[in-house]
Structures are given as C-alpha cells and as structure tokens.
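See structure below.
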There are 2 protein chains.
Amino acid sequence: MARTPVWKSIAIALTDDIAQGRYETGAKLPPEAQLSARFGVNRHTVRRALAEMAEQGLVHARRGAGVFVAAKPADYPIGKRVRFHQNLAREGRTPAKQVLMLETRAASVREAEALGLAPGDPVHVYDGLSLADGQPVALAQAIFPAERLPDLCDALREEASITAALKVCGVADYTRLETRITAKLATATQALHLRISEGAPILRTTSISADTDGTPVEFGRTWFAGDRVTLTVGGED
Amino acid sequence: MARTPVWKSIAIALTDDIAQGRYETGAKLPPEAQLSARFGVNRHTVRRALAEMAEQGLVHARRGAGVFVAAKPADYPIGKRVRFHQNLAREGRTPAKQVLMLETRAASVREAEALGLAPGDPVHVYDGLSLADGQPVALAQAIFPAERLPDLCDALREEASITAALKVCGVADYTRLETRITAKLATATQALHLRISEGAPILRTTSISADTDGTPVEFGRTWFAGDRVTLTVGGED
DNA sequence: GGCTAACATTTGTCTAGTTGTATAGTTGAT
DNA sequence: ATCAACTATACAACTAGACAAATGTTAGCC
C-alpha cells in the first residue's frame, strides 16, 4: 500500500495556507529551514513539496531571497459579461488562448436548439485552450451560427480573444443569457490538455450568449481545472 | 518442535543490549545493514526483529534517520497548576520546548469563547513541541489574548517555558479551570513531530487557564504521545 | 549622499547513508 | 504439496551534511 508521501501532505498543507489567505499573493514564505522545523522533516523534504508547488505555478523561489506566493487560484466571475481575457487581465495575470481545432459543420439538435437554428444548419466549432500566465486553466468549446458569422473562423485564428474575433465580425457586444455549472472528473484527454492528473476535479459550464438584439451568437461549453479556478457568481449586474 | 526463529533471537539479543545499557534511551541503533552483518543474516530478518521490538514500544524507526531506543513513559499530573517544565523536572528529567510557529491572528469562534473574547479579536498562537530528555513528548498549541499580553510573542521566543513567559508579561500565577481529555490517532504531521508512527494513539487535552482574577489567559490544546505519557489526575492539587 | 566591502541569510546542488516496500526465489519442516 | 522462514535484489522516500551561488543588510569610508 502506497501511503501518501510526507512531502505531498506538506505541499497540501502549504497550499491550504495560501488558499486560506495566511500567505498573501506575492508574500514571502518562511525560509525552508523554518518550514522544515515546523513540519518536523528534513529540509530536502520541504524542498520536494515546494518543487511540486512551483511546478503547479503556485509559488516561485529566488535563490538568496526566498520563496514567494505566485498566485492564488484565479477568481472567475460569471455575470452578464463573461470575458476570459478581461477577467484575467484585471487580476494582473496574462491571458492567452491556443486554438486546438476549428471547423464548420452541421449543428446537432442540442446546438441548434441553443442557438435558435434548425438542426443541420452550419455552425463554426471552436475548440481551444485558455491559459493564465502560461498555465492551462480551461478547455473551451464554442459553437457559433455560421450563416450569421461567415468570416468568424479566420477571425478566431488571428485575434487574441473570442470577444475580439466577434467584434471583427460585427458583434460589438454580447451578454450571457444562461450559465449552467456542474462538477466532473477529468478524462484522460482533458487531463492532458489542462496538465492535471486524470480524475482531478473539473468545473464544467454550459452557456448561451446573445447579442444586443437577443439573438443567440454563442453556445459554449467550458471545462475549468477545478483547483486553478474559483467561479464566482457576482451579486452585481 | 518448533525451533525459535532467528529473528526472535535477534530481537532478544537487541533487547538485552538495551537492557544492559549498551544503547541508551534515545540513542540510535546501528543501521539495519550493519546489524544484519553482525548477526550474519539478511536485512529483512533484522527488520523482522526490529518490527517486533517496535510493536512492544521498545524502539522506534524514522525513515532515513535510523532506529532509536524509545523513551520510558512519564507521569504527567493534571491538577490546578499544570506546569510542563516543573512536572518533568520533578521526575528528574530535563524538559525543553521548541517553538514550531508563533503568530498573531484573529480568534476563531471557539477560541474567542474559551478566552472570553469576541470572535476576530487578536490572539497570539503558539505552536510548540515539548521534549523530555530530548525526546518529543507532546505537541502543544496555546492561544493567548493579544490585547492583554502584547509582548508575549517575544517572551515565548526567549523564555524556556510558558510559565516564565507569562510571568514576564505580568501574569504571576495562573491556574487551570478545565481540562478535557480524549483519545485520537496521530495524523501524519503529528506522528512526524512526536516521532511515533502514523495512526499511533494520542492523548488530546483541551484546557482553559485563568489568572488569579479568574480572567482566562490561555486556551490550550495539547497532543501527548500516548505511549510516552500517563496523565494522572491527582486527588490532591 | 553614494559607494564599496564584509557579513548573514537563503536557495540550489551534490554526495552519501538509512529505512520502507515490493517482488521473486530458496530452503526445510510437517 | 504446502507453508513459514529466510535470502536476494531493486527502488522509493527520507535524512544528513556540506558547499556553492544569489540576495539582502549593515557598517564604514569618501
């Protein structure tokens, strides 16, 4: 029976400390020597734990200076206007997206219903990976009505964000009509893309967004890495 | 006729060595490899002997460090005046304490209630390890009202005992109002500090102490290594 | 003030040693 | 044949200590 190694429980304890706000973002953790005393282990064991946390992008060490908290799990507000890039930029993190697949095909029954189309109508399908500070945060799939937005594929390829691509295609503004949230376990493929372990918790959201006229423009399915994001449903707007 | 197994005779030989004082309490036994050479057997056979001795509480192994002769249990009287250092000194053992963590933070509901404060009031939190003859005996957490004892943190760092630190801060005497005792199993971290194995029995006490005016000054939580201490509730006090 | 030198602190890396665990095989008695 | 005791080997997890490299701090000097 493989018990959980000590270093792992230390990593969990420290991660928890950070999540609890005991060490704030950018703050310096106690030196390794002090931590090893606190946990009653050798310094190397603490280092193993810190290495794990560094790999996950949670802390960052500077030789001679100390170990610093890199980032708390990103808050991801879900309201009327859900904008991945803007949400992250507001927290001082660098957003990026990576296109995994882009195609135009016939809409399924579910997709057609969500977008107010007839089944079989052409839709653009965007599969992408959303990153924060280079760390994968979410897998996103977005379905758009192809007849309404004929040039969207090229725009999605070139623009940095979906919002920007839609703007190029004439959708100046759009708001979210509905968001559904459930919890899942990561499949092998999802785990690979999000760089988490298979079976790790995942937040899955399904959303419908519409332009200012109320015409649906996007049907989205997003899988968030559960331990890197906290979805917040704001009281405002 | 079942001949006595080799491992059993090895256990007897080693037990005898300890009884003869060839290895003192707290001392490190030779590494398993060396012992297996000495007895001319495989390392696993020595391990079988050491496992038996560990089960009897005679020795305790720390991965990567070695096998150590366990300490004899100490009596620990709980009465009106509970003083770790004095208790042990009276038994002719050398007490010591080791600060694991020291911080000031807002009181939880439970802590505030015990100390007669409002939740969120500042408290000093002391996490420490209590040793007898260099052997860890108990993990102690003590919560003090910070507003009443502003300089306690420094005092705790410098003074040898909590009693001494409190005296420096103006608390000449204090008595125990209440002590609750339950049995738990050691968590991984506790086991590491107390140098016992994970899942070993632990005595947990929760206590409230007050000064001569009856004002609570300390809310304590202590975890004793179950096989190293015997709590005694004296008739006297 | 601004500069350098010296010192202490802290992380990075390396080597070596020790216990924990798993797997597979041998031996001998019943 | 079966089972317990023991051997053999390998690797993982953790300890221990030492030193190098980068950083932060302080004192002294111009």
Side-chain angles (χ1 to χ4, degrees), chain A residues 1-14 23 26-55 57-70, chain B residues 1-14 23 26-55 57-70 98 100 129 134-136 157 186-200:
Chain A
M1 270 279 272
R3 269 186 340 194
T4 60
V6 177
W7 63 263
K8 202 162 254 183
S9 54
I10 292 177
I12 291 173
L14 288 175
Y23 303 116
K28 178 178 170 303
L29 292 185
E32 293 169 353
Q34 202 167 315
L35 286 176
S36 62
R38 168 176 155 198
F39 289 107
V41 299
N42 190 272
R43 198 186 127 215
H44 286 321
T45 310
V46 170
R47 282 179 63 71
R48 180 74 185 81
L50 290 173
E52 173 86 355
M53 294 168 70
E55 187 135 347
L58 214 77
V59 295
H60 170 248
R62 276 170 52 211
R63 176 188 294 204
V67 181
F68 300 84
V69 179
Chain B
M1 259 276 279
R3 238 183 30 202
T4 61
V6 177
W7 64 262
K8 203 160 249 180
S9 51
I10 292 177
I12 292 172
L14 287 175
Y23 303 116
K28 179 178 170 302
L29 293 185
E32 294 170 353
Q34 204 167 311
L35 287 176
S36 62
R38 167 177 154 199
F39 290 107
V41 297
N42 188 272
R43 197 184 131 219
H44 284 313
T45 311
V46 170
R47 281 180 64 71
R48 182 72 186 82
L50 290 173
E52 173 87 354
M53 295 166 71
E55 187 125 355
L58 223 89
V59 295
H60 173 251
R62 272 172 60 211
R63 175 187 297 206
V67 180
F68 300 84
V69 180
Q98 187 183 324
L100 295 179
L129 194 59
Q135 276 267 315
R157 229 186 304 269
T187 66
T189 327
Q190 292 170 345
L192 272 167
H193 276 127
L194 294 175
R195 309 256 184 265
I196 56 182
S197 43
E198 191 173 346

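In what follows, every chain begins at residue 1, and chains take the letters A, B, ... in the order their sequences are listed.
Every residue two or more places apart in sequence or in another chain that forms a salt bridge (charged side-chain N to carboxylate O under 4.0 Å, His left out) with B:Arg38 is listed here: B:Asp17. In this structure A:Lys28 satisfies the side chain to side chain contact (heavy atoms under 4.5 Å, CB included) test together with A:Pro31, A:Phe68, sequence neighbours excluded. Looking at residues two or more places apart in sequence or on another chain, you find a salt bridge (charged side-chain N to carboxylate O under 4.0 Å, His left out) between B:Arg157 and B:Asp154. Partners of B:His193 according to the side chain to side chain contact (heavy atoms under 4.5 Å, CB included) rule, which considers only residues two or more places apart in sequence or in another chain, are B:Leu100, B:Leu129, B:Leu139, B:Thr189.
For A:His44, whose side chain is taken as the heavy atoms from C-beta onward, the closest listed nucleotide among C:dT21, C:dT11, C:dC14 is C:dC14.
As a whole-Å value, the separation of A:Arg47 CZ from C:dT15 C1' is 15 Å. For the pair B:Arg48 CZ and C:dT21 P, the computed distance is 14 Å after rounding to whole Å.
When every heavy atom of B:Arg195 is checked against every heavy atom of B:Leu192, the shortest pair comes out as NH1-O, 3.0 Å.
Among the candidates A:Val59, A:Leu14, A:Val46, the single residue satisfying the side-chain contact (heavy atoms from CB on, under 4.5 Å) test with A:Val67 is A:Val59.
The nearest heavy atom of DNA chain D to B:Leu192 and to B:Asn42 marks one nucleotide each, and the one closer to the 5' end goes with B:Asn42. Toward the 5' end of DNA chain D, the nearer of the two residues B:Arg43 and B:Trp7, judged by each one's closest nucleotide, is B:Trp7.
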Throw together a table of side-chain donor-acceptor distances under 3.5 angstrom for residues 47-55 of chain A, partners on residues two or more places apart or in other chains.
| unit_1 | atom_1 | unit_2 | atom_2 | d |
| --- | --- | --- | --- | --- |
| A:Arg47 | NH1 | A:Glu32 | OE1 | 3.4 |
| A:Arg47 | NH1 | A:Glu32 | OE2 | 2.8 |

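A heavy atom lying under 4.0 Å from DNA chain D marks the following residues of residues 59-69 of chain B, by number: B:Arg62, B:Arg63, B:Gly64, B:Ala65.
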Checklist entry - After noting the C-alpha distance and the side-chain angles of B:Tyr23 and B:Leu29, does the key distance pass the side-chain contact (heavy atoms from CB on, under 4.5 Å) rule? => result CA-CA 7 Å; B:Tyr23 303 116; B:Leu29 293 185; 3.4 Å; yes

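The footprint of chain A on DNA chain D, defined by a heavy-atom cutoff below 4.0 Å, extends from D:dC14 to D:dG24.
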